[in-house]
Amino acid sequence: MVKPFIIGTRNAREMLAIGAKILREGGSAMDAVEATIRAVEENPMDTGVGLGGIPNLLGVPQMDASIMDGRTLRTGAVAAVEGYLHPISIARKVLEESPHVLLVGPGAELFAEAIGFERSELLTDMSRTAYRAFVEDTIEGLDERFDERRKEYYAWYIENYRLREWYRKLSDAQQGTVNVMALDGDGDICSGVSTSGTAFKFPGRVGDSPIIGAGNYCDNRVGAAACTGRGELAIRLSTARTIISYMEHGMTVRDACIQAMRDIHALKETGGMNCLAFDRHGNTMSASTRRESIHYYMDIDSEEPEERRGVWVKA
Ligand code: ASP
């Protein structure tokens, strides 16, 4: 029997202890994953998730999140949701309370409100400053009438293909997402993802994080996988489900992650991709197309998060 454990991306390092404690006390993988991600969502210094997440092109933070239960293969997700601090918890309610798997925008907000979530302000001084700097840098002919003339500016921006050009140049530093996944004492697996998406994204743009199969997938019989990076690429390749599928068909978790990153390179697109995964025996792995890959691990006997090295899959 595998000792219950939890793993996460770098930005979850400090918070993994929350999930490990839940597992140690006999809690479920889903409780551990949700609580850990909630703590990341509350961290204002993390500009890729929850509070302080960099807003969209109109200056509004729009969140994506998903959670999956590996025993039943039930999932819940929200996309482009505004004004709620804990999209991961709304996603969990979609899984538990609704007959649906994905709610978006105003519908997701209506659902959150109806089940009792409080609205909150997600912009911070830091994310406001980052937005203002972006606007000043990007919008030609910017003047003090910017706020009334946003639509006009954006029409120009799109028309001139600046959006595509800028998106191509987007750096890793302007992205960020949290992946957390756990296996509990009953052998149940859960995986969760939360993000504010790519910085200054087009309003309504949805990344891979809330798309089950793209940015998140788990199955008790196999393991768990999730992604961070240029979401469009993981959507095109169903990266998370593909990693599970590679394992199902006999690859090790390491080889599955490496192959998935090779698949990304084969698209010959700009933008990097990273994945995090484990198999049902407790082997963990991460991989990246762009940088040294590390992830963090804790089990019920760990005193602190253990840094584990993944693979940099070069083109
Ligand atoms: N994958 C996220 C998205 O595309 C962003 C990120 O991980 O940086 O929305």
Side-chain angles (χ1 to χ4, degrees), residues 1-9 12 19 22-23 27-34 36-37 64-78 88 91-96 98-102 177-194 208-228 231 234-261 263-264 273-287 295 297 299 308 310:
M1 165 126 174
V2 182
K3 207 192 276 185
F5 68 94
I6 185 161
I7 64 171
T9 41
I22 292 173
L23 294 173
S28 70
M30 189 166 293
D31 284 345
V33 166
E34 183 192 9
T36 304
I37 292 182
D64 297 341
S66 66
I67 195 157
M68 183 156 189
D69 173 10
R71 183 170 60 82
T72 58
L73 305 187
R74 289 172 71 203
T75 71
V78 289
I88 193 67
R92 181 171 178 175
K93 289 288 183 194
V94 171
L95 183 159
E96 290 174 341
S98 89
H100 308 304
V101 295
L102 172 62
T177 294
V178 63
N179 297 161
V180 177
M181 49 190 70
L183 183 144
D184 65 25
D186 292 329
D188 287 332
I189 293 175
C190 174
S191 52
V193 179
S194 183
D208 56 325
S209 310
I211 307 295
I212 292 299
N216 186 8
Y217 202 83
C218 70
D219 182 332
N220 274 10
R221 297 164 297 183
V222 187
C227 303
T228 66
I235 293 175
R236 286 166 61 186
L237 291 170
S238 302
T239 301
R241 179 66 182 96
T242 299
I243 292 171
I244 298 294
S245 184
Y246 285 148
M247 290 199 271
E248 243 168 348
H249 291 93
M251 277 191 196
T252 62
V253 62
R254 179 189 167 88
D255 288 349
C257 288
I258 291 173
Q259 185 55 45
M261 296 302 98
D263 297 344
I264 297 283
M273 185 52 58
N274 318 286
C275 63
L276 174 71
F278 67 69
D279 67 22
R280 67 190 174 87
H281 307 294
N283 300 302
T284 73
M285 188 45 60
S286 58
H295 59 281
Y297 168 94
D299 62 39
R308 292 191 169 182

K.L.:
By side-chain hydrogen bond (donor to acceptor under 3.5 Å, both in side chains), which residues pair with Ser286, not counting sequence neighbours?
P.N.:
Ser293, His295
K.L.:
Who pairs with Phe278 by ring-ring contact (aromatic ring centres under 6.0 Å, His included), at least two apart in sequence or on another chain?
P.N.:
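Counting only residues at least two positions away or on another chain, Phe278 forms a ring-ring contact (aromatic ring centres under 6.0 Å, His included) with Phe5.
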K.L.:
Should Tyr217 and Ile211 count as side-chain neighbours, where that means a heavy-atom distance under 4.5 Å?
P.N.:
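Counting from C-beta outward, Tyr217 and Ile211 never come under 4.5 Å.
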K.L.:
Which pairs with one or both residues in residues 209-225 pass salt bridge (Lys or Arg N to Asp or Glu O under 4.0 Å), sequence neighbours excluded?
P.N.:
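Checked against salt bridge (Lys or Arg N to Asp or Glu O under 4.0 Å) - neighbours excluded - the pairs reaching residues 209-225 are Asp219-Arg221.
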K.L.:
In the structure I gave you, are the side-chain heavy atoms of Val180 and Ile6 within less than 4.5 Å of one another anywhere?
P.N.:
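Answer yes - side chains close enough.
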K.L.:
Can you sort out the partners of Asp263 under salt bridge (charged side-chain N to carboxylate O under 4.0 Å, His left out), two or more places apart, ordered by chain and number?
P.N.:
none
K.L.:
When you measure from the side chain of Asp208 to the backbone of Ile235, do you find a donor-acceptor pair of N or O atoms at a distance under 3.5 Å?
P.N.:
no
K.L.:
With sequence neighbours left out, what residues match Asn216 under side-chain hydrogen bond (donor to acceptor under 3.5 Å, both in side chains)?
P.N.:
Ser66, Ser191
K.L.:
Checking Arg254 now: which residues fulfil salt bridge (charged side-chain N to carboxylate O under 4.0 Å, His left out) with it, not counting sequence neighbours?
P.N.:
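Applying salt bridge (charged side-chain N to carboxylate O under 4.0 Å, His left out) to Arg254 gives none.
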K.L.:
Would you please name every residue forming a side-chain contact (heavy atoms from CB on, under 4.5 Å) with Ala29, sequence neighbours left out?
P.N.:
Ala182, Asp184, Cys190
K.L.:
If we ignore hydrogens and angles and just use 3.5 Å, is the side chain of Arg74 paired with the main-chain N or O of Leu95 as donor and acceptor?
P.N.:
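Answer holds: yes.
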K.L.:
List the residues meeting side-chain hydrogen bond (donor to acceptor under 3.5 Å, both in side chains) with Thr36, not counting sequence neighbours, and say none if there are none.
P.N.:
none
K.L.:
Considering only heavy atoms from C-beta outward, does the side chain of Val94 approach that of Val78 to under 4.5 Å?
P.N.:
yes
K.L.:
Going by the rule salt bridge (charged side-chain N to carboxylate O under 4.0 Å, His left out), which residues pair with Arg236 if we only count those two or more places apart in sequence or in a different chain?
P.N.:
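So Arg236 forms a salt bridge (charged side-chain N to carboxylate O under 4.0 Å, His left out) with Glu269.
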K.L.:
Kindly write out the residues that satisfy side-chain contact (heavy atoms from CB on, under 4.5 Å) with His249, not counting sequence neighbours, or none if the list is empty.
P.N.:
Ser245
K.L.:
How would you list, by chain and number, every residue that makes a side-chain contact (heavy atoms from CB on, under 4.5 Å) with Ala256, sequence neighbours excluded?
P.N.:
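Per chain and number, Ala256 pairs via side-chain contact (heavy atoms from CB on, under 4.5 Å) with Ile243, Tyr246, Met247, Met251.
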K.L.:
Check for a donor-acceptor pair, side chain of Ser194 on one end and backbone N or O of Ala65 on the other, with a separation under 3.5 Å.
P.N.:
no
K.L.:
Can you sort out the partners of Arg241 under salt bridge (charged side-chain N to carboxylate O under 4.0 Å, His left out), two or more places apart, ordered by chain and number?
P.N.:
Glu248
